[in-house]
K.L.:
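Quick one: the structure is below, and I'll ask about it shortly.
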Amino acid sequence: MNVLLTGGAGYIGSHTYLALIVYGLKPVILDDFSNSSPTVLERLELISHKPVVCELGNVADLPFVEAVIQRHKIQAVIHFAGSKAVGESVALPLRYYDNNVVGMTRLLQAMEKTGCRTLVFSSSATVYGDPAKVPITEIFPRSHTNPYGHTKLVIEDMLYALQAADSSWKMAVLRYFNPVGAHPSGLIGEDPQGPPNNLMPYIAQVAVQQRPILNVYGNDYPTPDGTGVRDYIHVQDLAQGHIAALQALTSHGILTVNLGTGRGYSVLEVVKAFERASGKSVPYQFMPRRAGDVAQCYASTALAKQLLGWEAQLDLDSMCADAWRWQKGSGNVSGSAW
Ligand code: UD1
C-alpha cells in the first residue's frame, strides 16, 4: 500500500515513516520543511537502508497534492502537517486556521478529486479541554481554550460531516496524548525550534546543560505531588498506532480513538525518571501555574484496544532513555554538525 505522509519529516511523521517501512508499506513524504529539516530524510535512509521518496511542497497546494497522489498511486493519507504551538496560536490565530483548517480542506479536496478516500488524522487530547475526570474516554465533551485546540475540533467535525455525506470515505481520528521519546537509533527525535514548550524536550536540554533550570509550572494542583499529571506515550508506540488505524479502516467508516498509555505521571516523576535514565541531575524550581494547563490528563485506552487491537508497550523509562540518547547524540538536526 502506498501511503502519503503529510508532514512526514516531522517528529511523529518520521517515526511513523519507519514503522510503515518495517510493516512493508510504501510511504511517500510530503513536506514543506517549515518546521522540520531535510536532514531527517538522510537519517531515515540511514536507518531504513531504503531511498526516501519525498515531495517538497505545501499540503494546501491543490494541484500539487493531486499530482502527488496520482503520481505515486497513493491509497491512503496520514495527515501530520499542521501547526501545534498553543502560545503561537493565541498570538497568530489566522496562521493556525489557515495552516490547519484550510490545509485539511485542501487535502480532502485533492483526495476527493483523485479518488483516494482513506485518511488518518492527527488530533490531540487538547480537544478534551479541562476534563471533568480521568481517565478520559472518547465520549467526553470536547472544548477548546485556544485557536490551536479549536482547529483540531473543527477538523474532527469536518471529517464526520464529510463521511456522513459520502460513506465511501474511511477515516481515523487519533487523539494523541503526550508524545515523547525518540527512535532507539538516536538518529531522529523531537527537534524544537527555540526554547521547548513541552516538558520532556525541556528536561533533556537542562540535562545537557543547554538550559540552566527547569521551571515546574504549578505545585498546588490536586495531584499526589501537586504537579501536573499527563499521559506520556512513546513516539514509537504512537507510530504503531497509525498502522493499527490503517488496518482497522478496512472494516470501519470513521472512528475516533485515544492514543495514550492510560497511565499518568507527574512532572516530578518525569524529572526523576529522566535523571535515572541519563545519570544527570535536572535542577528545577517551582513557578506559578501556566495559563491554560489542566491538573490531570490521561487516557482511557479501552476503545483503542477494542477497535485497533493496539496498546502502548513502552514505559516511562524507555521514553526517557530514548529521548536522552537522541539529545546527547545529535540533539538537534538543524543545528548539528552531524
Ligand atoms: C501541551 C499543550 C497542548 C498540546 C500538547 C501537545 C499547552 C497549554 N498545552 O500539552 O495543547 O496538545 O502540548 O504537544 O501548551 N511543564 C512544566 N515545565 C515546562 C513545560 C511543561 O512544568 O517547561 C508541565 C506542564 O505544566 C504540564 C506538563 O509539564 O503539567 C506537560 O506539559 P507539556 O509537555 O507542555 O504538555 P501539555 O501541557 O499536556
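Keep in mind that what you see is a predicted model, and the values were worked out from it rather than measured. Indexing begins at 1, ligand by ligand and atom by atom, following the structure's order.
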K.L.:
Do me a favour and list the nearest non-hydrogen protein atom to atom 24 (C) of ligand 1 with residue, atom name and distance?
P.N.:
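Nearest protein contact, heavy atoms only, for atom 24 (C) of ligand 1 is V267 CG2, 3.7 Å.
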K.L.:
Among all protein heavy atoms, pick the one closest to atom 22 (O) of ligand 1 and tell me residue, atom and distance.
P.N.:
Y217 N, 2.9 Å
K.L.:
Relative to ligand 1, is Y232 under 4.0 angstrom through side chain, backbone, both or neither, heavy atoms considered?
P.N.:
side chain
K.L.:
Can you list the ligand 1 atoms lying under 4.0 Å from a non-hydrogen atom of N215?
P.N.:
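Counting from 1, the qualifying ligand atoms are 17 (C), 18 (N), 19 (C), 22 (O), 23 (O).
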K.L.:
Backbone or side chain, does any N or O of Y202 fall under 3.5 Å from an N or O of ligand 1?
P.N.:
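N/O-N/O distance under 3.5 Å: no.
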K.L.:
Parallel under 30°, tilted from 30 to 60°, perpendicular over 60°: which one fits the rings of F140 and Y128?
P.N.:
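F140 vs Y128 ring planes: perpendicular.
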K.L.:
Does V270 approach ligand 1 within less than 4.0 angstrom via side chain, backbone, both or neither, non-hydrogen atoms only?
P.N.:
neither
K.L.:
Within the structure provided, determine whether K152 and F121 are in side-chain contact (heavy-atom separation under 4.5 Å).
P.N.:
yes
K.L.:
Which ligand 1 atoms are under 4.0 Å away from a heavy-atom of N197?
P.N.:
20 (C), 35 (O)
K.L.:
Quick one: sort the W324 and F274 rings into parallel, tilted or perpendicular, breaks at 30° and 60°.
P.N.:
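Rings of W324 and F274: perpendicular, as their planes differ by over 60°.
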K.L.:
Give a yes or no on whether R289 atom CZ has more than 12 heavy-atom contacts from other residues, nucleotides or ligands under 6.0 Å away.
P.N.:
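Atom CZ in R289 is packed in, count exceeds 12.
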K.L.:
Identify the closest protein heavy atom to atom 27 (C) of ligand 1: which residue and atom is it, and at what distance?
P.N.:
R230 NH2, 3.6 Å
K.L.:
Where the closest heavy atom to atom 9 (N) of ligand 1 is concerned, which of T223, V86, V294, T227 has it?
P.N.:
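Among T223, V86, V294, T227, the closest heavy atom to atom 9 (N) of ligand 1 belongs to V86.
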K.L.:
Considering only heavy atoms of T126, which atoms of ligand 1 have at least one such atom less than 4.0 Å away?
P.N.:
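Here the atoms of ligand 1 in question are 11 (O), 12 (O).
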K.L.:
Examine the side chains of E88 and Y148 and answer whether a donor and an acceptor come within less than 3.5 Å of each other.
P.N.:
no
K.L.:
Please could you name the atoms of ligand 1 that V216 approaches to less than 4.0 Å, counting only its heavy atoms?
P.N.:
22 (O)
K.L.:
State whether a side-chain donor-acceptor pair under 3.5 Å links S37 with D191.
P.N.:
no
K.L.:
Does Y148 approach ligand 1 within less than 4.0 angstrom via side chain, backbone, both or neither, non-hydrogen atoms only?
P.N.:
side chain
K.L.:
Are W169 and E112 close enough that some pair of their side-chain heavy atoms sits under 4.5 Å apart?
P.N.:
yes
K.L.:
If you count the atoms of ligand 1 from 1 in the order shown, which ones are under 4.0 Å from a heavy atom of S124?
P.N.:
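Going through ligand 1 atom by atom, the ones under 4.0 Å from S124 are 12 (O).
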K.L.:
So which of N146, D293, N198 gets nearest to atom 5 (C) of ligand 1, if we judge by its closest heavy atom?
P.N.:
N198
K.L.:
Using a 3.5 Å cut-off on N or O atoms only, is L199 in polar contact with ligand 1?
P.N.:
yes
K.L.:
Evaluate the side-chain contact (heavy atoms from CB on, under 4.5 Å) criterion for residues I233 and Y176: first the C-alpha distance (whole Å), next the side-chain angles of each, then the deciding distance (0.1 Å), finally the verdict.
P.N.:
CA-CA 8 Å; I233 174 169; Y176 306 157; 5.8 Å; no
K.L.:
For atom CD of Q285, decide whether the heavy atoms of other residues, nucleotides or ligands shown that lie under 6.0 angstrom number more than 12.
P.N.:
yes
K.L.:
On a heavy-atom basis, I'd like to know which of N178, T145, N219 is closest to atom 10 (O) of ligand 1.
P.N.:
N178
K.L.:
Quick one: do the N219 and Y284 side chains pair a donor with an acceptor below 3.5 Å?
P.N.:
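Absent: no donor and acceptor within the cut-off.
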K.L.:
For ligand 1 and R290, I'd like to know whether there is a polar contact (N/O to N/O, distance under 3.5 Å).
P.N.:
yes
K.L.:
Passes side chain to side chain donor-acceptor pair (under 3.5 Å), Y160 versus T256? Steps please.
P.N.:
CA-CA 10 Å; Y160 272 81; T256 295; 2.7 Å; yes
